[in-house]
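Report on the structure given below.
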Amino acid sequence: MIVVIDGPAGAGKSTTAREIARRTGFDYVDSGAMYRGFTYLYRLHGFDRSSLLKKLADHRLRFEFHVTDARAFHGDREITDEIRSDSVNERVSEVAAMAEVREAVRHMLRKVSKNRNVVLEGRDLGTVVFPDADFKFFLTADPTARARRRYEERIGRGETQVSLEDVRRNVEKRDHIDSTRDIAPLKKADDAVEIDSTFLTFEEQVTRILEHIRNTPEAHNMTFTRI
Ligand code: DC
């Protein structure tokens, strides 16, 4: 069974997808980690686009997803932490805009999800990668609520030089870039269930998704761990 959760930056897709995985026993698949893996390769190739593209047929990237645990490897080397480094953060949107990389990621996502119960998180999963997914959710919240959550996260991490207004401007800028780019723009699939979490608690938002899954005929003969 394939469950996809798409939505804009800061809507809480990762935490939600992981919680759904924990409660269903499905495996959480992080599509952003794959774009990050290719960005790691891009860095290894001196940020040279044509050398990266030449490597796409034999890239040696591998991802392991087990319930909430997601790990990345390049050959035998584990790169789970490295794909979250600042140098990858800075260039990942450039790599995610390359059509050839998107095609490679699409292929890997389909392969990794074949004959498995998975919950995947991304931007274009319901529209492009899994148009036939069993469940499609589009998670949103208004920009001010998303900015406030990001702001509180950063304050919680001990940052002091951060203003709510700057964070809000940044969220709006990313929304604009994500939804107007030519390749795989962020867009709700027509048949996705939209969940606006502006006025929902985390638990309410997770419960809504689980109820949708549980109340469908496909779910009746399935065993979930703790749904
Ligand atoms: O969710 P994240 O921050 O790990 O995503 C990393 C980058 O990959 C971000 O620039 C958005 C992009 N991305 C995408 O274009 N399509 C996806 N399905 C997932 C992520």
Side-chain angles (χ1 to χ4, degrees), residues 2-21 27-43 47 49 52 56 59 61 63-65 68-73 79-113 118-133 135-141 146-147 149-150 153-154 157 167 170-189 192 197:
I2 294 190
V3 179
V4 301
I5 304 181
D6 290 310
K13 297 184 298 290
S14 286
T15 38
T16 305
R18 281 177 196 271
E19 185 61 12
I20 303 291
D27 293 318
Y28 161 67
V29 173
D30 174 10
S31 62
M34 294 186 177
Y35 291 100
R36 292 171 175 278
F38 282 105
T39 310
Y40 168 88
L41 266 193
Y42 188 40
R43 193 181 70 190
F47 297 113
R49 182 189 162 108
L52 171 69
L56 291 186
H59 52 69
L61 291 171
F63 298 87
E64 288 180 5
F65 299 107
T68 59
D69 190 36
R71 297 170 72 190
F73 299 84
I79 57 169
T80 307
D81 291 335
E82 247 169 300
I83 63 170
R84 309 266 156 210
S85 64
D86 285 345
S87 63
V88 167
N89 284 340
E90 276 162 25
R91 306 295 286 250
V92 64
S93 53
E94 205 179 309
V95 174
M98 296 179 193
E100 299 86 344
V101 171
R102 298 206 74 88
E103 187 50 39
V105 169
R106 188 167 82 105
H107 183 75
M108 289 169 87
L109 286 170
R110 295 185 72 94
K111 199 165 159 200
V112 87
S113 306
V118 285
V119 48
L120 306 101
E121 171 223 334
R123 308 286 194 285
D124 62 338
L125 304 180
T127 48
V128 177
V129 186
F130 295 103
D132 299 327
F135 296 98
K136 298 181 184 180
F137 296 97
F138 194 78
L139 196 58
T140 63
R146 287 186 282 125
R149 288 178 199 160
R150 279 276 145 106
E153 256 169 46
R154 291 175 62 177
R157 281 201 299 262
V167 177
N170 190 272
V171 163
E172 284 178 348
K173 187 171 149 209
R174 276 188 64 173
D175 283 356
H176 181 72
I177 295 174
D178 284 350
S179 50
T180 55
R181 71 177 174 211
D182 290 341
I183 299 177
L186 171 70
K187 187 171 164 287
K188 176 184 158 315
S197 69

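We count ligands from 1, going down the list as the structure has it; atoms in each ligand are counted the same way.
Nearest non-hydrogen protein atom to atom 8 (O) of ligand 1 is Tyr35 CB, 3.7 Å. Nearest protein neighbour of atom 9 (C) of ligand 1, counting heavy atoms only, is Arg123 NH2, 3.9 Å. The nearest heavy-atom contact from the protein to atom 4 (O) of ligand 1 is Arg36 NE, 2.8 Å. Nearest to atom 7 (C) of ligand 1 among the protein's heavy atoms is Val92 CG2, 3.6 Å.
The closest approach between a heavy atom of Arg102 and any atom of ligand 1 is below 4.0 Å.
Sorted by first and then second residue, the salt bridge (charged side-chain N to carboxylate O under 4.0 Å, His left out) pairs involving residues 29-39 (not counting sequence neighbours) are Asp30-Arg84.
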Legend entry - Trace of the side chain to side chain contact (heavy atoms under 4.5 Å, CB included) decision for Lys111 with Met108: CA-CA 5 Å; Lys111 199 165 159 200; Met108 289 169 87; 5.6 Å; no
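The Ser93 neighbourhood of ligand 1 comprises atoms 10 (O), with distances under 4.0 Å to a heavy atom of that residue. Atoms of ligand 1 found under 4.0 Å from any heavy atom of Ser31, numbered from 1 in the order shown, are 17 (C), 18 (N), 19 (C).
In this structure, of Gly32, Ala96, Ala97, the residue bringing a heavy atom nearest to atom 20 (C) of ligand 1 is Gly32.
When heavy-atom distances to ligand 1 are checked against a 4.0 Å cut-off, Arg181 comes that close only through its side chain, counted from C-beta outward.
There is no side-chain donor-acceptor pair under 3.5 Å between Arg49 and Tyr42.
Checking only distances, Arg174 never comes within under 3.5 Å of ligand 1, N or O to N or O.
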